[in-house]
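Since this is a predicted model, take the numbers as computed values, not measurements. Proteins get letters first, then strands, A, B, ... in listed order; numbering begins at 1 in each.
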2 protein chains.
Amino acid sequence: MVKPERTYSISELAREFKVTPRALRFYEDKGLLSPRREGLNRVYSVRDRARLQLILRGKRVGFPLSEIREILDLYDLGDGQRAQMATALKKYRARMVALEAQREDLVGAMEALQNGINWLEARLAEPASPASVSAARAFEREARRRMDGTG
Amino acid sequence: MVKPERTYSISELAREFKVTPRALRFYEDKGLLSPRREGLNRVYSVRDRARLQLILRGKRVGFPLSEIREILDLYDLGDGQRAQMATALKKYRARMVALEAQREDLVGAMEALQNGINWLEARLAEPASPASVSAARAFEREARRRMDGTG
DNA sequence: GCTGCCGTTGACGTGAACGTCAAGACCCGC
DNA sequence: GCGGGTCTTGACGTTCACGTCAACGGCAGC
(Lines give C-alpha, C1' and ligand atoms only; values in the text may rest on other atoms or scores of the structure.)
Protein backbone atom coordinates (compact mmCIF):
# COMPACT_ATOMS: atom_id res chain seq x y z
CA MET A 1 0.00 0.00 0.00
CA VAL A 2 1.53 3.26 -1.16
CA LYS A 3 1.37 6.10 1.28
CA PRO A 4 -1.13 8.51 -0.33
CA GLU A 5 1.05 11.64 0.30
CA ARG A 6 -0.73 14.66 1.62
CA THR A 7 -2.48 16.97 -0.78
CA TYR A 8 -3.91 20.47 -0.44
CA SER A 9 -6.90 22.34 -1.71
CA ILE A 10 -6.37 25.77 -3.20
CA SER A 11 -7.66 27.62 -0.18
CA GLU A 12 -5.70 25.48 2.23
CA LEU A 13 -2.48 26.31 0.48
CA ALA A 14 -3.52 29.94 0.13
CA ARG A 15 -4.16 30.22 3.84
CA GLU A 16 -0.92 28.54 4.79
CA PHE A 17 1.18 30.93 2.73
CA LYS A 18 -1.02 33.94 3.18
CA VAL A 19 -1.77 34.44 -0.46
CA THR A 20 -5.17 34.41 -2.16
CA PRO A 21 -6.52 31.59 -4.28
CA ARG A 22 -6.50 34.08 -7.09
CA ALA A 23 -2.73 34.33 -6.80
CA LEU A 24 -2.33 30.56 -7.05
CA ARG A 25 -4.47 30.43 -10.17
CA PHE A 26 -2.47 33.30 -11.54
CA TYR A 27 0.79 31.44 -10.99
CA GLU A 28 -0.74 28.49 -12.78
CA ASP A 29 -1.72 30.71 -15.71
CA LYS A 30 1.88 31.80 -15.89
CA GLY A 31 3.10 28.24 -15.85
CA LEU A 32 4.69 28.32 -12.41
CA LEU A 33 2.41 25.71 -10.94
CA SER A 34 0.46 22.88 -12.48
CA PRO A 35 -1.50 21.05 -9.83
CA ARG A 36 -3.37 17.88 -10.56
CA ARG A 37 -7.06 18.10 -11.28
CA GLU A 38 -9.82 16.15 -9.69
CA GLY A 39 -12.68 17.01 -11.95
CA LEU A 40 -12.28 20.74 -12.17
CA ASN A 41 -10.77 21.21 -8.74
CA ARG A 42 -7.08 21.79 -8.27
CA VAL A 43 -5.23 19.34 -6.07
CA TYR A 44 -1.80 20.45 -4.89
CA SER A 45 0.85 17.90 -4.02
CA VAL A 46 3.69 18.25 -1.54
CA ARG A 47 5.95 19.04 -4.46
CA ASP A 48 3.59 21.77 -5.61
CA ARG A 49 3.75 23.16 -2.13
CA ALA A 50 7.53 23.17 -2.28
CA ARG A 51 7.43 24.93 -5.62
CA LEU A 52 5.13 27.54 -4.18
CA GLN A 53 7.62 28.10 -1.40
CA LEU A 54 10.34 28.70 -3.96
CA ILE A 55 8.07 31.02 -5.90
CA LEU A 56 7.31 33.14 -2.87
CA ARG A 57 10.92 33.28 -1.80
CA GLY A 58 11.86 34.30 -5.30
CA LYS A 59 9.29 37.04 -5.15
CA ARG A 60 10.54 38.29 -1.81
CA VAL A 61 14.02 38.68 -3.20
CA GLY A 62 12.64 40.57 -6.15
CA PHE A 63 12.45 38.11 -9.03
CA PRO A 64 9.68 38.70 -11.55
CA LEU A 65 7.41 35.73 -12.05
CA SER A 66 8.76 35.20 -15.54
CA GLU A 67 12.27 34.61 -14.20
CA ILE A 68 11.06 32.45 -11.37
CA ARG A 69 9.37 30.36 -14.00
CA GLU A 70 12.60 29.97 -15.94
CA ILE A 71 14.45 28.89 -12.86
CA LEU A 72 11.76 26.44 -11.88
CA ASP A 73 11.75 25.02 -15.38
CA LEU A 74 15.44 24.37 -15.16
CA TYR A 75 14.87 22.26 -12.07
CA ASP A 76 12.70 20.01 -14.19
CA LEU A 77 15.26 19.59 -16.93
CA GLY A 78 15.48 15.96 -17.95
CA ASP A 79 18.67 14.12 -18.80
CA GLY A 80 20.47 14.33 -22.08
CA GLN A 81 19.95 17.94 -23.09
CA ARG A 82 23.48 19.04 -22.33
CA ALA A 83 23.15 22.14 -24.45
CA GLN A 84 20.22 23.36 -22.42
CA MET A 85 22.03 22.51 -19.24
CA ALA A 86 24.94 24.65 -20.33
CA THR A 87 22.75 27.68 -21.00
CA ALA A 88 21.00 27.00 -17.75
CA LEU A 89 24.31 27.06 -15.94
CA LYS A 90 25.16 30.41 -17.48
CA LYS A 91 21.88 31.87 -16.35
CA TYR A 92 22.30 30.51 -12.87
CA ARG A 93 25.73 32.08 -12.60
CA ALA A 94 24.42 35.41 -13.85
CA ARG A 95 21.64 35.32 -11.28
CA MET A 96 24.15 34.46 -8.60
CA VAL A 97 26.11 37.59 -9.42
CA ALA A 98 22.93 39.63 -9.31
CA LEU A 99 22.03 38.19 -5.94
CA GLU A 100 25.46 39.00 -4.58
CA ALA A 101 25.10 42.59 -5.71
CA GLN A 102 21.71 42.71 -4.10
CA ARG A 103 23.10 41.43 -0.85
CA GLU A 104 25.62 44.25 -0.87
CA ASP A 105 22.81 46.72 -1.40
CA LEU A 106 20.92 45.13 1.40
CA VAL A 107 23.82 45.30 3.80
CA GLY A 108 24.40 48.91 2.80
CA ALA A 109 20.78 49.77 3.40
CA MET A 110 20.87 48.05 6.77
CA GLU A 111 23.92 50.00 7.83
CA ALA A 112 22.35 53.26 6.77
CA LEU A 113 19.21 52.37 8.64
CA GLN A 114 21.16 51.39 11.73
CA ASN A 115 22.91 54.76 11.63
CA GLY A 116 19.55 56.42 11.44
CA ILE A 117 18.33 54.41 14.40
CA ASN A 118 21.40 55.23 16.44
CA TRP A 119 21.02 58.87 15.64
CA LEU A 120 17.37 58.97 16.58
CA GLU A 121 18.02 57.04 19.77
CA ALA A 122 20.73 59.47 20.77
CA ARG A 123 18.58 62.48 20.03
CA LEU A 124 15.70 61.02 21.97
CA ALA A 125 17.72 59.79 24.94
CA GLU A 126 18.94 63.22 25.98
CA PRO A 127 16.95 66.15 27.30
CA ALA A 128 17.62 69.33 25.34
CA SER A 129 20.39 70.68 27.52
CA PRO A 130 22.64 73.27 25.83
CA ALA A 131 25.84 71.25 26.15
CA SER A 132 24.42 68.01 24.83
CA VAL A 133 22.68 69.89 22.09
CA SER A 134 25.90 70.97 20.49
CA ALA A 135 27.37 67.51 20.91
CA ALA A 136 24.29 66.08 19.33
CA ARG A 137 24.54 68.49 16.45
CA ALA A 138 28.06 67.33 15.75
CA PHE A 139 26.94 63.74 15.83
CA GLU A 140 24.03 64.57 13.64
CA ARG A 141 26.23 66.10 11.03
CA GLU A 142 28.43 63.05 11.10
CA ALA A 143 25.48 60.71 10.95
CA ARG A 144 23.94 62.54 8.03
CA ARG A 145 27.20 62.53 6.21
CA ARG A 146 27.41 58.79 6.59
CA MET A 147 23.80 58.27 5.69
CA ASP A 148 24.12 60.27 2.53
CA GLY A 149 26.58 57.67 1.48
CA THR A 150 28.39 59.96 -0.90
CA GLY A 151 31.02 57.28 -1.40
CA MET B 1 34.30 83.31 -2.36
CA VAL B 2 32.07 80.37 -1.69
CA LYS B 3 32.84 77.23 -3.60
CA PRO B 4 29.94 76.92 -6.06
CA GLU B 5 29.43 73.15 -5.42
CA ARG B 6 28.86 71.04 -8.46
CA THR B 7 25.40 70.77 -9.92
CA TYR B 8 23.84 68.44 -12.45
CA SER B 9 21.35 68.70 -15.24
CA ILE B 10 18.58 66.15 -15.43
CA SER B 11 20.11 64.18 -18.25
CA GLU B 12 23.55 64.23 -16.68
CA LEU B 13 22.21 62.68 -13.53
CA ALA B 14 20.06 60.30 -15.53
CA ARG B 15 23.02 59.08 -17.51
CA GLU B 16 25.19 58.66 -14.45
CA PHE B 17 22.67 56.44 -12.68
CA LYS B 18 21.28 54.81 -15.78
CA VAL B 19 17.75 56.01 -15.32
CA THR B 20 15.70 58.14 -17.66
CA PRO B 21 14.93 61.83 -17.13
CA ARG B 22 11.34 60.75 -16.98
CA ALA B 23 12.11 58.71 -13.89
CA LEU B 24 13.72 61.69 -12.17
CA ARG B 25 10.69 63.86 -12.89
CA PHE B 26 8.51 61.07 -11.65
CA TYR B 27 10.41 60.92 -8.38
CA GLU B 28 9.95 64.65 -8.07
CA ASP B 29 6.22 64.30 -8.64
CA LYS B 30 6.15 61.80 -5.81
CA GLY B 31 8.04 64.17 -3.54
CA LEU B 32 11.27 62.19 -3.39
CA LEU B 33 13.37 64.87 -5.02
CA SER B 34 13.00 68.62 -5.21
CA PRO B 35 15.82 70.09 -7.24
CA ARG B 36 16.32 73.83 -7.55
CA ARG B 37 14.96 75.58 -10.60
CA GLU B 38 16.78 77.90 -12.90
CA GLY B 39 13.94 79.30 -14.89
CA LEU B 40 12.09 76.13 -15.72
CA ASN B 41 15.09 73.85 -15.77
CA ARG B 42 15.87 71.52 -12.93
CA VAL B 43 19.23 71.90 -11.25
CA TYR B 44 20.34 69.02 -9.06
CA SER B 45 22.75 69.60 -6.18
CA VAL B 46 25.24 67.16 -4.70
CA ARG B 47 22.71 66.50 -1.97
CA ASP B 48 20.04 65.74 -4.55
CA ARG B 49 22.45 63.31 -6.11
CA ALA B 50 22.97 61.62 -2.76
CA ARG B 51 19.22 61.37 -2.27
CA LEU B 52 18.90 59.78 -5.67
CA GLN B 53 21.50 57.24 -4.65
CA LEU B 54 19.46 56.39 -1.59
CA ILE B 55 16.30 56.18 -3.67
CA LEU B 56 17.84 53.73 -6.10
CA ARG B 57 19.33 51.63 -3.39
CA GLY B 58 15.98 51.58 -1.66
CA LYS B 59 14.41 50.43 -4.89
CA ARG B 60 16.94 47.71 -5.42
CA VAL B 61 16.18 46.26 -2.03
CA GLY B 62 12.49 46.37 -2.82
CA PHE B 63 11.08 49.45 -1.11
CA PRO B 64 8.14 51.08 -2.84
CA LEU B 65 8.69 54.74 -3.63
CA SER B 66 6.12 55.76 -1.06
CA GLU B 67 8.16 54.18 1.72
CA ILE B 68 11.41 55.53 0.40
CA ARG B 69 9.80 58.92 0.55
CA GLU B 70 8.84 58.44 4.18
CA ILE B 71 12.35 57.42 5.08
CA LEU B 72 13.86 60.31 3.21
CA ASP B 73 11.46 62.70 4.92
CA LEU B 74 12.60 61.44 8.28
CA TYR B 75 16.16 62.38 7.43
CA ASP B 76 14.95 65.93 7.04
CA LEU B 77 13.20 66.04 10.36
CA GLY B 78 13.96 69.28 12.12
CA ASP B 79 14.65 69.59 15.84
CA GLY B 80 12.06 69.66 18.53
CA GLN B 81 9.43 67.29 17.15
CA ARG B 82 10.17 64.53 19.60
CA ALA B 83 6.85 62.85 19.00
CA GLN B 84 7.55 62.51 15.29
CA MET B 85 11.03 61.30 16.06
CA ALA B 86 9.61 58.58 18.24
CA THR B 87 7.25 57.34 15.53
CA ALA B 88 10.10 57.60 13.08
CA LEU B 89 12.22 55.39 15.31
CA LYS B 90 9.48 52.80 15.44
CA LYS B 91 9.22 52.73 11.69
CA TYR B 92 12.95 52.45 11.27
CA ARG B 93 13.06 49.50 13.63
CA ALA B 94 10.22 47.81 11.80
CA ARG B 95 12.02 48.28 8.51
CA MET B 96 15.17 46.91 10.04
CA VAL B 97 13.34 43.73 10.98
CA ALA B 98 11.97 43.49 7.45
CA LEU B 99 15.41 43.92 5.99
CA GLU B 100 16.80 41.21 8.21
CA ALA B 101 14.10 38.84 7.07
CA GLN B 102 14.87 39.74 3.52
CA ARG B 103 18.51 39.02 4.03
CA GLU B 104 17.62 35.55 5.24
CA ASP B 105 15.53 35.03 2.14
CA LEU B 106 18.39 36.24 0.04
CA VAL B 107 20.91 33.94 1.67
CA GLY B 108 18.48 31.06 1.30
CA ALA B 109 17.99 31.81 -2.36
CA MET B 110 21.73 32.04 -2.88
CA GLU B 111 22.30 28.69 -1.23
CA ALA B 112 19.62 27.09 -3.35
CA LEU B 113 21.11 28.62 -6.45
CA GLN B 114 24.58 27.47 -5.50
CA ASN B 115 23.28 23.95 -5.08
CA GLY B 116 21.76 24.18 -8.51
CA ILE B 117 25.05 25.37 -9.94
CA ASN B 118 26.98 22.60 -8.27
CA TRP B 119 24.52 20.05 -9.54
CA LEU B 120 24.68 21.33 -13.10
CA GLU B 121 28.45 21.50 -13.00
CA ALA B 122 28.67 17.93 -11.82
CA ARG B 123 26.26 16.69 -14.45
CA LEU B 124 28.14 18.56 -17.16
CA ALA B 125 31.64 17.63 -16.04
CA GLU B 126 31.17 13.93 -16.50
CA PRO B 127 30.61 11.94 -19.67
CA ALA B 128 27.58 9.68 -19.38
CA SER B 129 29.40 6.62 -18.09
CA PRO B 130 27.16 4.12 -16.34
CA ALA B 131 28.94 4.26 -13.00
CA SER B 132 29.01 8.02 -12.71
CA VAL B 133 25.44 8.19 -13.86
CA SER B 134 24.15 6.41 -10.82
CA ALA B 135 26.36 8.49 -8.58
CA ALA B 136 25.07 11.59 -10.28
CA ARG B 137 21.52 10.45 -9.80
CA ALA B 138 22.08 10.06 -6.10
CA PHE B 139 23.56 13.53 -5.94
CA GLU B 140 20.74 14.87 -7.99
CA ARG B 141 18.15 13.48 -5.64
CA GLU B 142 19.99 15.03 -2.73
CA ALA B 143 20.36 18.35 -4.51
CA ARG B 144 16.72 18.47 -5.42
CA ARG B 145 15.70 17.64 -1.91
CA ARG B 146 17.77 20.54 -0.64
CA MET B 147 16.58 22.87 -3.34
CA ASP B 148 12.98 22.18 -2.64
CA GLY B 149 13.65 23.53 0.80
CA THR B 150 10.85 21.59 2.40
CA GLY B 151 12.09 22.69 5.79
C1' DG C 1 -35.34 21.25 -3.35
C1' DC C 2 -33.15 25.12 -1.22
C1' DT C 3 -29.22 27.32 1.18
C1' DG C 4 -24.41 27.60 1.98
C1' DC C 5 -19.86 26.92 0.94
C1' DC C 6 -16.06 25.92 -1.91
C1' DG C 7 -14.60 25.66 -6.27
C1' DT C 8 -14.37 27.02 -11.36
C1' DT C 9 -13.59 30.24 -15.63
C1' DG C 10 -13.53 34.56 -17.97
C1' DA C 11 -13.50 39.57 -18.03
C1' DC C 12 -12.52 43.83 -16.31
C1' DG C 13 -10.31 46.93 -12.71
C1' DT C 14 -6.24 48.63 -10.06
C1' DG C 15 -1.78 50.58 -8.26
C1' DA C 16 3.00 51.13 -8.96
C1' DA C 17 6.51 52.80 -11.86
C1' DC C 18 7.47 54.43 -15.36
C1' DG C 19 7.42 54.84 -21.20
C1' DT C 20 5.87 57.46 -24.93
C1' DC C 21 4.31 60.87 -27.55
C1' DA C 22 2.79 65.92 -28.31
C1' DA C 23 3.54 70.72 -28.18
C1' DG C 24 6.17 74.09 -26.97
C1' DA C 25 10.29 77.18 -24.35
C1' DC C 26 15.12 78.30 -24.44
C1' DC C 27 19.70 78.78 -26.04
C1' DC C 28 23.74 78.13 -29.34
C1' DG C 29 26.22 78.53 -33.56
C1' DC C 30 25.96 80.03 -38.15
C1' DG D 1 16.09 83.72 -38.09
C1' DC D 2 16.70 78.90 -38.55
C1' DG D 3 17.95 74.25 -37.48
C1' DG D 4 19.51 71.39 -33.64
C1' DG D 5 19.79 70.12 -29.06
C1' DT D 6 18.10 70.18 -24.34
C1' DC D 7 14.68 71.16 -21.48
C1' DT D 8 9.59 71.79 -19.93
C1' DT D 9 4.64 70.20 -18.86
C1' DG D 10 0.60 67.47 -19.70
C1' DA D 11 -1.75 63.38 -21.21
C1' DC D 12 -2.19 58.85 -22.44
C1' DG D 13 -0.22 53.99 -22.84
C1' DT D 14 2.01 49.88 -20.75
C1' DT D 15 3.60 46.01 -17.81
C1' DC D 16 3.30 43.35 -13.68
C1' DA D 17 0.82 41.12 -10.22
C1' DC D 18 -2.75 40.46 -8.83
C1' DG D 19 -8.09 42.16 -6.95
C1' DT D 20 -12.83 42.09 -7.93
C1' DC D 21 -16.95 40.71 -9.87
C1' DA D 22 -20.17 37.91 -12.50
C1' DA D 23 -22.03 33.59 -13.58
C1' DC D 24 -21.90 29.01 -12.84
C1' DG D 25 -20.92 23.64 -11.04
C1' DG D 26 -21.04 20.40 -7.23
C1' DC D 27 -21.69 18.66 -2.76
C1' DA D 28 -23.47 18.76 2.39
C1' DG D 29 -26.92 19.43 5.50
C1' DC D 30 -31.63 20.26 6.53
Side-chain angles (χ1 to χ4, degrees), chain A residues 6-45 48-49 51-73 95 98 102 105 109, chain B residues 6-45 48-49 51-73 95 98 102 105 109:
Chain A
R6 243 215 101 167
T7 62
Y8 309 82
S9 80
I10 190 166
S11 52
E12 261 177 326
L13 213 53
R15 253 195 313 281
E16 181 177 354
F17 290 98
K18 297 180 190 283
V19 297
T20 63
R22 174 69 179 100
L24 296 185
R25 295 194 197 100
F26 184 72
Y27 297 153
E28 188 174 343
D29 256 41
K30 298 292 162 178
L32 288 142
L33 286 174
S34 34
R36 239 178 50 226
R37 295 298 184 118
E38 225 150 66
L40 281 183
N41 292 16
R42 291 164 175 83
V43 177
Y44 296 86
S45 70
D48 290 327
R49 198 194 96 116
R51 279 178 80 92
L52 177 56
Q53 251 180 6
L54 285 177
I55 292 168
L56 297 179
R57 182 155 68 184
K59 285 202 45 176
R60 285 195 301 270
V61 300
F63 286 87
L65 292 187
S66 57
E67 308 215 346
I68 297 178
R69 191 216 144 115
E70 284 182 40
I71 296 186
L72 253 31
D73 286 352
R95 301 215 186 300
Q102 197 178 336
D105 274 338
Chain B
R6 243 217 103 165
T7 62
Y8 309 81
S9 81
I10 190 167
S11 51
E12 262 178 325
L13 212 54
R15 253 193 314 280
E16 181 178 354
F17 289 99
K18 296 180 190 283
V19 297
T20 63
R22 174 71 179 98
L24 296 185
R25 295 193 196 101
F26 184 73
Y27 297 154
E28 187 173 345
D29 255 41
K30 298 292 163 176
L32 287 143
L33 286 174
S34 32
R36 240 177 51 224
R37 294 299 183 116
E38 226 151 65
L40 281 183
N41 292 17
R42 290 165 174 82
V43 177
Y44 296 86
S45 71
D48 289 326
R49 199 193 96 114
R51 280 176 79 93
L52 178 56
Q53 250 178 8
L54 286 176
I55 292 168
L56 296 179
R57 181 154 67 185
K59 284 203 48 180
R60 284 194 301 270
V61 300
F63 286 83
L65 292 186
S66 58
E67 308 214 346
I68 297 179
R69 190 215 144 115
E70 284 182 40
I71 296 186
L72 253 31
D73 286 352
R95 300 215 186 297
Q102 199 179 335
D105 275 336

Letter per nucleotide, 5' to 3', of nucleotides 7-12 of chain D [B base touched, S only sugar-phosphate touched, - untouched; heavy atoms, 4.0 Å]: SBB---

message: OP1 or OP2 of D/dC18 versus the side-chain N and O atoms of A/Thr20: is any pair under 4.0 Å?
response: no

- line: Note: B/Arg51 and B/Leu33 closest approach over all heavy atoms is CB-CD2, 3.9 Å

field: Closest non-hydrogen atom pair, A/Phe63 against A/Ile68
entry: CB-CG1, 3.5 Å

query: What residues, two or more places apart in sequence or in another chain, satisfy salt bridge (charged side-chain N to carboxylate O under 4.0 Å, His left out) together with A/Glu28?
result: A/Arg37, A/Arg42

- prompt: Under a 4.5 Å cut-off applied to non-hydrogen side-chain atoms, are B/Leu65 and B/Arg69 in contact?
  reply: no

Non-hydrogen atoms of A/Arg57 and B/Asp105 that approach each other most closely: CD-O, 3.8 Å

- prompt: Given atom NZ of B/Lys18 and atom C1' of C/dA17, what is their separation to the nearest angstrom?
  reply: 20 Å

A/Phe63 CZ to D/dC16 P, straight-line distance once rounded to whole Å: 17 Å

message: Need one value for A/Lys30: base, sugar-phosphate or nothing, where a base atom within 4.0 Å counts as base even if backbone is also close, heavy atoms only.
response: nothing

field: OG-CG distance between A/Ser66 and A/Leu32, expressed to the nearest 0.5 angstrom
entry: 9.0 Å

message: Nearest whole Å is fine: how far is D/dA17 P from A/Leu56 CG?
response: 13 Å

- line: Sorted by chain and residue number, the side-chain hydrogen bond (donor to acceptor under 3.5 Å, both in side chains) partners of A/Ser45 (sequence neighbours excluded) come out as A/Asp48

- prompt: Using the C1' atoms of the five pairs at each end, what is the angle between the end axes of the helix from C/dG1-D/dC30 to C/dC30-D/dG1, to 10°?
  reply: 10°

message: Could you tell me how far apart B/Leu32 (CG) and C/dA16 (P) are, to the nearest whole angstrom?
response: 13 Å

query: Tell me: CZ of A/Phe26 to C1' of C/dG7, nearest whole Å?
result: 20 Å

A/Arg15 CZ - C/dC5 P separation (whole Å): 14 Å

- request: Take the protein atom CD of A/Glu38 and the nucleotide atom P of D/dG26, then report the distance between them rounded to whole Å.
  value: 15 Å

Run the side-chain donor-acceptor check on residues 11-27 of chain A: report pairs under 3.5 Å with partners two or more places apart or on a different chain.
residue : atom : partner : partner atom : Å
A/Ser11 : OG   : A/Ser9  : OG           : 3.4
A/Glu12 : OE1  : A/Ser9  : N            : 2.7
A/Glu12 : OE2  : A/Arg6  : NH2          : 3.1
A/Glu16 : OE1  : A/Arg49 : NH1          : 3.3
A/Glu16 : OE2  : A/Arg49 : NH1          : 2.0
A/Thr20 : OG1  : A/Ala23 : N            : 3.2

message: Quick check on D/dC18: is either OP1 or OP2 less than 4.0 Å from any side-chain nitrogen or oxygen of A/Tyr27?
response: yes

field: Donor-acceptor contact present, side-chain B/Glu38 to main-chain B/Val43, <3.5 Å
entry: no

